Amino acid sequence: MNKLNIQKLLNDYASHYKCDFSLTNHSNFTVYTSDIDFHGDSISFEINGAEFTIQSSINISASDLELISIACQNLIHFSEDSINIDYLLIKLLNHSIKQDELRYLSKYLEVEDKSLCFVAIQYSDELNVLLETIRNSFEDNILLTPYENLVLLIFSSHEPFNELCGNLYSMITSELMVKIKIFYSEIYSLADTEETLNIIHNIQRIASIYCPNRSVVSSKDLGISKIITLLDKEDAIQLFKDFSTGNFEDLDNEEDIKTIYSFFENNLNIAETSRQLFIHRNTLVYRLDKYQKITNLDIRRFEDATKFQLAFFIYQFYKK
(Lines give C-alpha, C1' and ligand atoms only; values in the text may rest on other atoms or scores of the structure.)
Protein backbone atom coordinates (compact mmCIF):
# COMPACT_ATOMS: atom_id res chain seq x y z
CA MET A 1 0.00 0.00 0.00
CA ASN A 2 1.35 3.42 -0.93
CA LYS A 3 0.98 5.36 2.32
CA LEU A 4 1.98 8.63 0.64
CA ASN A 5 -1.07 8.37 -1.63
CA ILE A 6 -3.29 7.61 1.38
CA GLN A 7 -1.81 10.57 3.26
CA LYS A 8 -2.35 12.92 0.32
CA LEU A 9 -5.94 11.73 -0.10
CA LEU A 10 -6.80 12.21 3.59
CA ASN A 11 -5.00 15.55 3.71
CA ASP A 12 -7.14 16.75 0.81
CA TYR A 13 -10.29 15.69 2.63
CA ALA A 14 -8.99 17.25 5.88
CA SER A 15 -8.61 20.62 4.11
CA HIS A 16 -12.08 20.34 2.64
CA TYR A 17 -13.90 19.29 5.85
CA LYS A 18 -11.71 21.30 8.27
CA CYS A 19 -10.93 18.21 10.35
CA ASP A 20 -8.39 15.42 10.48
CA PHE A 21 -8.77 11.73 9.62
CA SER A 22 -7.07 8.53 10.71
CA LEU A 23 -6.98 5.18 8.92
CA THR A 24 -6.16 1.96 10.79
CA ASN A 25 -6.38 -1.66 9.78
CA HIS A 26 -7.93 -4.61 11.64
CA SER A 27 -4.83 -5.26 13.77
CA ASN A 28 -4.87 -1.64 14.94
CA PHE A 29 -1.86 -0.79 12.83
CA THR A 30 -2.04 2.87 11.93
CA VAL A 31 -1.90 3.48 8.20
CA TYR A 32 -2.22 7.23 8.56
CA THR A 33 -3.10 9.67 11.34
CA SER A 34 -2.16 13.07 12.73
CA ASP A 35 -1.01 13.87 16.25
CA ILE A 36 -4.42 14.70 17.67
CA ASP A 37 -7.19 12.90 19.50
CA PHE A 38 -10.01 11.51 17.39
CA HIS A 39 -13.49 11.75 18.87
CA GLY A 40 -15.58 11.95 15.71
CA ASP A 41 -17.53 9.38 13.75
CA SER A 42 -15.96 6.29 12.23
CA ILE A 43 -16.71 3.87 9.42
CA SER A 44 -15.21 0.44 8.72
CA PHE A 45 -14.78 -1.57 5.55
CA GLU A 46 -13.18 -4.84 4.48
CA ILE A 47 -10.86 -5.58 1.58
CA ASN A 48 -9.80 -9.15 0.85
CA GLY A 49 -10.11 -10.23 4.48
CA ALA A 50 -8.43 -7.14 5.97
CA GLU A 51 -10.57 -4.72 7.99
CA PHE A 52 -9.94 -0.96 7.94
CA THR A 53 -11.45 1.88 9.97
CA ILE A 54 -11.57 5.59 9.12
CA GLN A 55 -12.26 8.04 11.94
CA SER A 56 -12.66 11.80 11.88
CA SER A 57 -11.50 14.21 14.57
CA ILE A 58 -14.95 15.82 14.67
CA ASN A 59 -18.37 14.55 13.60
CA ILE A 60 -19.21 14.85 9.92
CA SER A 61 -22.23 13.52 8.04
CA ALA A 62 -22.52 9.77 7.43
CA SER A 63 -22.76 10.32 3.67
CA ASP A 64 -19.52 12.34 3.63
CA LEU A 65 -17.73 9.73 5.71
CA GLU A 66 -18.96 7.00 3.36
CA LEU A 67 -17.66 9.00 0.39
CA ILE A 68 -14.20 9.19 2.00
CA SER A 69 -14.37 5.47 2.76
CA ILE A 70 -15.10 4.62 -0.87
CA ALA A 71 -12.20 6.76 -2.05
CA CYS A 72 -9.82 5.00 0.35
CA GLN A 73 -11.11 1.59 -0.69
CA ASN A 74 -10.45 2.38 -4.33
CA LEU A 75 -6.92 3.47 -3.48
CA ILE A 76 -6.15 0.49 -1.25
CA HIS A 77 -8.05 -2.21 -3.08
CA PHE A 78 -5.33 -3.95 -5.05
CA SER A 79 -2.13 -2.67 -3.52
CA GLU A 80 0.23 -5.59 -2.95
CA ASP A 81 0.35 -5.71 0.85
CA SER A 82 -3.41 -5.34 1.32
CA ILE A 83 -4.17 -8.58 -0.51
CA ASN A 84 -4.95 -11.70 1.50
CA ILE A 85 -4.32 -14.45 -1.03
CA ASP A 86 -5.56 -17.23 1.26
CA TYR A 87 -8.81 -15.35 1.78
CA LEU A 88 -9.29 -14.94 -1.97
CA LEU A 89 -8.58 -18.63 -2.49
CA ILE A 90 -11.29 -19.55 0.03
CA LYS A 91 -13.71 -17.26 -1.82
CA LEU A 92 -12.70 -18.91 -5.08
CA LEU A 93 -13.45 -22.39 -3.72
CA ASN A 94 -16.71 -21.21 -2.15
CA HIS A 95 -17.80 -19.67 -5.48
CA SER A 96 -18.19 -16.21 -3.91
CA ILE A 97 -15.28 -14.45 -5.55
CA LYS A 98 -15.80 -11.22 -7.49
CA GLN A 99 -14.58 -10.59 -11.03
CA ASP A 100 -11.95 -8.03 -9.99
CA GLU A 101 -10.64 -10.45 -7.35
CA LEU A 102 -10.55 -13.22 -9.96
CA ARG A 103 -8.51 -10.98 -12.26
CA TYR A 104 -6.11 -10.25 -9.43
CA LEU A 105 -5.54 -13.97 -8.73
CA SER A 106 -4.85 -14.54 -12.44
CA LYS A 107 -2.35 -11.70 -12.35
CA TYR A 108 -0.84 -13.12 -9.14
CA LEU A 109 -0.30 -16.48 -10.85
CA GLU A 110 1.22 -14.72 -13.87
CA VAL A 111 -1.02 -16.71 -16.20
CA GLU A 112 -0.73 -14.65 -19.42
CA ASP A 113 0.43 -17.18 -22.04
CA LYS A 114 1.00 -20.01 -19.54
CA SER A 115 -1.30 -22.94 -18.79
CA LEU A 116 -2.95 -23.46 -15.41
CA CYS A 117 -2.72 -26.75 -13.52
CA PHE A 118 -5.15 -27.78 -10.78
CA VAL A 119 -3.67 -30.38 -8.43
CA ALA A 120 -5.18 -32.32 -5.54
CA ILE A 121 -2.83 -34.16 -3.18
CA GLN A 122 -4.25 -36.98 -1.07
CA TYR A 123 -2.24 -37.29 2.14
CA SER A 124 -2.39 -39.17 5.43
CA ASP A 125 -0.39 -37.00 7.84
CA GLU A 126 2.26 -34.26 8.21
CA LEU A 127 -0.04 -31.59 6.75
CA ASN A 128 1.93 -28.53 7.89
CA VAL A 129 5.24 -29.97 6.75
CA LEU A 130 3.63 -30.99 3.45
CA LEU A 131 2.34 -27.46 2.83
CA GLU A 132 5.72 -25.92 3.61
CA THR A 133 7.54 -28.41 1.37
CA ILE A 134 5.23 -27.66 -1.55
CA ARG A 135 5.62 -23.88 -1.10
CA ASN A 136 9.39 -24.17 -1.06
CA SER A 137 9.43 -26.26 -4.24
CA PHE A 138 7.97 -23.47 -6.39
CA GLU A 139 9.84 -20.32 -7.36
CA ASP A 140 6.74 -18.67 -8.84
CA ASN A 141 3.50 -17.74 -7.08
CA ILE A 142 1.07 -20.57 -6.36
CA LEU A 143 -2.32 -21.02 -4.70
CA LEU A 144 -2.20 -23.63 -1.94
CA THR A 145 -4.67 -24.67 0.76
CA PRO A 146 -6.01 -27.70 2.65
CA TYR A 147 -9.50 -28.62 1.44
CA GLU A 148 -11.56 -31.46 2.90
CA ASN A 149 -9.18 -34.47 2.88
CA LEU A 150 -6.93 -32.99 0.20
CA VAL A 151 -4.33 -30.32 -0.36
CA LEU A 152 -5.27 -28.19 -3.36
CA LEU A 153 -2.60 -26.53 -5.49
CA ILE A 154 -3.00 -24.24 -8.51
CA PHE A 155 0.00 -23.02 -10.50
CA SER A 156 0.88 -21.84 -14.00
CA SER A 157 3.68 -23.12 -16.18
CA HIS A 158 4.98 -23.64 -19.71
CA GLU A 159 6.24 -27.11 -18.76
CA PRO A 160 4.26 -30.36 -19.31
CA PHE A 161 2.06 -31.00 -16.28
CA ASN A 162 2.72 -34.75 -16.22
CA GLU A 163 6.44 -34.07 -15.72
CA LEU A 164 5.86 -31.35 -13.10
CA CYS A 165 3.40 -33.46 -11.10
CA GLY A 166 5.65 -36.50 -11.37
CA ASN A 167 8.60 -34.47 -10.08
CA LEU A 168 6.43 -33.03 -7.29
CA TYR A 169 5.46 -36.55 -6.22
CA SER A 170 9.07 -37.74 -6.23
CA MET A 171 10.24 -34.71 -4.26
CA ILE A 172 7.56 -35.00 -1.56
CA THR A 173 7.88 -38.75 -1.06
CA SER A 174 11.68 -38.69 -0.97
CA GLU A 175 11.97 -35.71 1.38
CA LEU A 176 9.08 -36.47 3.75
CA MET A 177 8.92 -40.26 3.43
CA VAL A 178 5.12 -40.15 3.32
CA LYS A 179 2.52 -41.82 1.12
CA ILE A 180 0.60 -39.46 -1.12
CA LYS A 181 -1.41 -39.57 -4.33
CA ILE A 182 -1.63 -36.74 -6.84
CA PHE A 183 -4.63 -36.08 -9.07
CA TYR A 184 -4.40 -33.25 -11.58
CA SER A 185 -6.12 -31.59 -14.50
CA GLU A 186 -5.52 -28.59 -16.71
CA ILE A 187 -7.74 -25.64 -15.83
CA TYR A 188 -8.42 -23.20 -18.64
CA SER A 189 -9.46 -20.31 -16.38
CA LEU A 190 -9.80 -19.68 -12.66
CA ALA A 191 -13.46 -19.10 -13.41
CA ASP A 192 -13.66 -22.86 -14.11
CA THR A 193 -12.48 -23.80 -10.61
CA GLU A 194 -15.79 -25.34 -9.50
CA GLU A 195 -16.03 -27.51 -12.61
CA THR A 196 -12.37 -28.53 -12.36
CA LEU A 197 -12.75 -29.46 -8.68
CA ASN A 198 -15.59 -31.79 -9.70
CA ILE A 199 -13.32 -33.30 -12.35
CA ILE A 200 -10.61 -33.84 -9.73
CA HIS A 201 -13.06 -35.60 -7.40
CA ASN A 202 -14.14 -37.80 -10.33
CA ILE A 203 -10.51 -38.65 -11.15
CA GLN A 204 -9.94 -39.59 -7.51
CA ARG A 205 -13.02 -41.81 -7.45
CA ILE A 206 -12.27 -43.58 -10.73
CA ALA A 207 -8.57 -44.00 -9.94
CA SER A 208 -9.39 -45.68 -6.62
CA ILE A 209 -11.24 -48.36 -8.60
CA TYR A 210 -9.27 -48.77 -11.81
CA CYS A 211 -5.70 -47.78 -11.03
CA PRO A 212 -5.28 -48.06 -7.24
CA ASN A 213 -1.54 -48.61 -7.64
CA ARG A 214 -0.88 -45.40 -9.55
CA SER A 215 0.35 -42.45 -7.51
CA VAL A 216 0.01 -39.66 -10.11
CA VAL A 217 -3.17 -39.62 -12.17
CA SER A 218 -4.74 -37.16 -14.61
CA SER A 219 -8.03 -37.28 -16.47
CA LYS A 220 -6.14 -38.29 -19.61
CA ASP A 221 -4.81 -41.41 -17.84
CA LEU A 222 -8.25 -42.89 -17.18
CA GLY A 223 -8.99 -44.04 -20.74
CA ILE A 224 -11.77 -46.64 -21.03
CA SER A 225 -12.53 -46.51 -17.32
CA LYS A 226 -13.66 -42.90 -17.67
CA ILE A 227 -16.02 -43.85 -20.52
CA ILE A 228 -17.55 -46.62 -18.41
CA THR A 229 -18.45 -44.19 -15.63
CA LEU A 230 -20.34 -42.05 -18.17
CA LEU A 231 -22.54 -44.95 -19.32
CA ASP A 232 -26.00 -45.62 -17.95
CA LYS A 233 -25.96 -48.63 -15.65
CA GLU A 234 -28.27 -50.63 -17.93
CA ASP A 235 -26.04 -49.98 -20.97
CA ALA A 236 -22.93 -50.90 -18.99
CA ILE A 237 -24.44 -54.16 -17.76
CA GLN A 238 -25.53 -55.04 -21.30
CA LEU A 239 -21.96 -54.46 -22.52
CA PHE A 240 -20.71 -56.72 -19.75
CA LYS A 241 -23.08 -59.48 -20.87
CA ASP A 242 -22.01 -59.03 -24.49
CA PHE A 243 -18.29 -59.35 -23.76
CA SER A 244 -18.21 -61.64 -20.73
CA THR A 245 -18.49 -65.41 -20.99
CA GLY A 246 -16.74 -66.28 -17.76
CA ASN A 247 -16.96 -65.70 -14.04
CA PHE A 248 -15.09 -62.50 -13.16
CA GLU A 249 -15.73 -63.11 -9.47
CA ASP A 250 -12.91 -65.67 -9.61
CA LEU A 251 -10.54 -62.81 -10.47
CA ASP A 252 -11.73 -60.52 -7.71
CA ASN A 253 -8.68 -60.79 -5.46
CA GLU A 254 -5.72 -58.49 -4.81
CA GLU A 255 -3.14 -60.52 -6.75
CA ASP A 256 -5.17 -60.92 -9.92
CA ILE A 257 -6.51 -57.36 -9.90
CA LYS A 258 -3.00 -55.97 -9.52
CA THR A 259 -1.70 -58.23 -12.30
CA ILE A 260 -4.51 -57.33 -14.73
CA TYR A 261 -4.18 -53.58 -14.18
CA SER A 262 -0.40 -53.76 -14.54
CA PHE A 263 -0.67 -55.75 -17.77
CA PHE A 264 -2.94 -53.13 -19.33
CA GLU A 265 -0.85 -50.22 -18.04
CA ASN A 266 2.19 -51.77 -19.73
CA ASN A 267 0.39 -52.15 -23.07
CA LEU A 268 0.12 -55.95 -22.90
CA ASN A 269 3.90 -56.24 -22.60
CA ILE A 270 4.81 -59.39 -20.67
CA ALA A 271 8.43 -58.40 -19.97
CA GLU A 272 7.55 -54.92 -18.63
CA THR A 273 4.66 -56.25 -16.54
CA SER A 274 6.73 -58.99 -14.93
CA ARG A 275 9.44 -56.44 -14.08
CA GLN A 276 6.91 -54.05 -12.55
CA LEU A 277 5.33 -56.84 -10.47
CA PHE A 278 8.74 -58.35 -9.51
CA ILE A 279 7.67 -61.80 -10.69
CA HIS A 280 9.17 -64.28 -13.14
CA ARG A 281 7.98 -64.14 -16.72
CA ASN A 282 6.67 -67.72 -16.48
CA THR A 283 4.63 -66.81 -13.41
CA LEU A 284 2.93 -64.04 -15.36
CA VAL A 285 2.30 -66.36 -18.33
CA TYR A 286 0.73 -68.89 -15.94
CA ARG A 287 -1.64 -66.20 -14.61
CA LEU A 288 -2.60 -65.07 -18.13
CA ASP A 289 -3.37 -68.66 -19.05
CA LYS A 290 -5.56 -68.92 -15.96
CA TYR A 291 -7.48 -65.78 -16.95
CA GLN A 292 -8.06 -67.26 -20.41
CA LYS A 293 -9.53 -70.45 -18.93
CA ILE A 294 -11.84 -68.47 -16.62
CA THR A 295 -13.08 -65.90 -19.16
CA ASN A 296 -12.48 -67.57 -22.55
CA LEU A 297 -10.56 -64.41 -23.49
CA ASP A 298 -6.82 -64.30 -24.18
CA ILE A 299 -5.74 -60.81 -23.11
CA ARG A 300 -2.46 -61.22 -24.99
CA ARG A 301 -4.52 -60.70 -28.16
CA PHE A 302 -5.67 -57.12 -28.82
CA GLU A 303 -9.31 -57.92 -29.65
CA ASP A 304 -9.75 -60.19 -26.64
CA ALA A 305 -7.90 -57.69 -24.46
CA THR A 306 -10.37 -54.95 -25.43
CA LYS A 307 -13.38 -57.13 -24.58
CA PHE A 308 -11.76 -58.32 -21.36
CA GLN A 309 -10.87 -54.79 -20.26
CA LEU A 310 -14.39 -53.48 -20.83
CA ALA A 311 -16.02 -56.41 -19.05
CA PHE A 312 -13.54 -56.41 -16.16
CA PHE A 313 -13.74 -52.64 -15.65
CA ILE A 314 -17.55 -52.72 -15.70
CA TYR A 315 -17.54 -55.53 -13.15
CA GLN A 316 -15.14 -53.61 -10.89
CA PHE A 317 -17.27 -50.47 -11.09
CA TYR A 318 -20.63 -52.09 -10.32
CA LYS A 319 -19.65 -55.03 -8.12
CA LYS A 320 -20.50 -53.06 -4.94
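All residue numbers in this chain count up from 1 along the given sequence. In this text, all values refer to a predicted model and were calculated from it rather than measured experimentally.
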Residues that Asp192 engages under salt bridge (charged side-chain N to carboxylate O under 4.0 Å, His left out), provided they are two or more places apart | none
Can you see which heavy atom on [X] is nearest to which on [Y], and at what distance?
X      : Y      : result
Phe45  : Ser69  : CD2-OG, 3.2 Å
Ile209 : Tyr261 : O-OH, 2.8 Å
Leu92  : Leu102 : CD1-CD1, 3.6 Å
Ile182 : Cys165 : CD1-O, 3.7 Å
Ile270 : Leu284 : O-CD2, 3.4 Å
Leu109 : Ile142 : CD2-CA, 3.8 Å

Just by distance, no angles: are the side chains of [X] and [Y] close enough, under 3.5 Å, to form a donor-acceptor pair?
X      : Y      : value
Ser170 : Asn167 : no
Thr24  : Thr53  : no
Ser15  : Asp12  : no
Ser22  : Gln55  : no
Arg287 : Thr259 : yes
Asn269 : Asn266 : no
Asn296 : Gln292 : no

Should we count [atom1] of [X] as having more than 12 external heavy atoms under 6.0 Å?
X      : atom1 : value
Glu272 : CD    : yes
Lys290 : NZ    : yes
Tyr147 : OH    : yes
Lys114 : NZ    : yes
Glu249 : CD    : no

Knowing that exactly one of Phe243, Phe248, Phe240 qualifies, which makes a ring pair (Phe, Tyr, Trp, His ring centres under 6.0 Å) with Phe308?
-> Phe248
Can a salt bridge be assigned to the pair Asp298 and Lys293 using a cut-off of 4.0 Å between side-chain N and carboxylate O?
-> no
With Asp304, which residues qualify under side chain to side chain donor-acceptor pair (under 3.5 Å), at least two apart?
-> Arg301
I'd like to know if [Y] and [X] are part of one continuous hydrophobic network [Ile/Leu/Val/Met/Phe/Trp/Tyr, side-chain heavy atoms within less than 4.5 Å].
X      : Y      : answer
Leu297 : Leu310 : yes
Ile70  : Ile54  : no
Phe161 : Val151 : yes

Ring centers of Phe155, Phe118 separated by less than 6.0 Å | no
At what distance, to the nearest 0.5 angstrom, does CG of Leu231 lie from CD of Gln238?
-> 12.0 Å
Nearest 0.5 Å please: distance from the NZ atom of Lys179 over to the OG atom of Ser124.
-> 8.5 Å
Kindly determine whether Lys258 and Glu254 satisfy salt bridge (charged side-chain N to carboxylate O under 4.0 Å, His left out), including the steps that lead there.
-> CA-CA 6 Å; Lys258 186 175 182 179; Glu254 184 177 353; over 6 Å; no
What do the steps show when you test Ile172 against Tyr123 for side-chain contact (heavy atoms from CB on, under 4.5 Å), and what is the final call?
-> CA-CA 11 Å; Ile172 292 173; Tyr123 65 96; over 6 Å; no
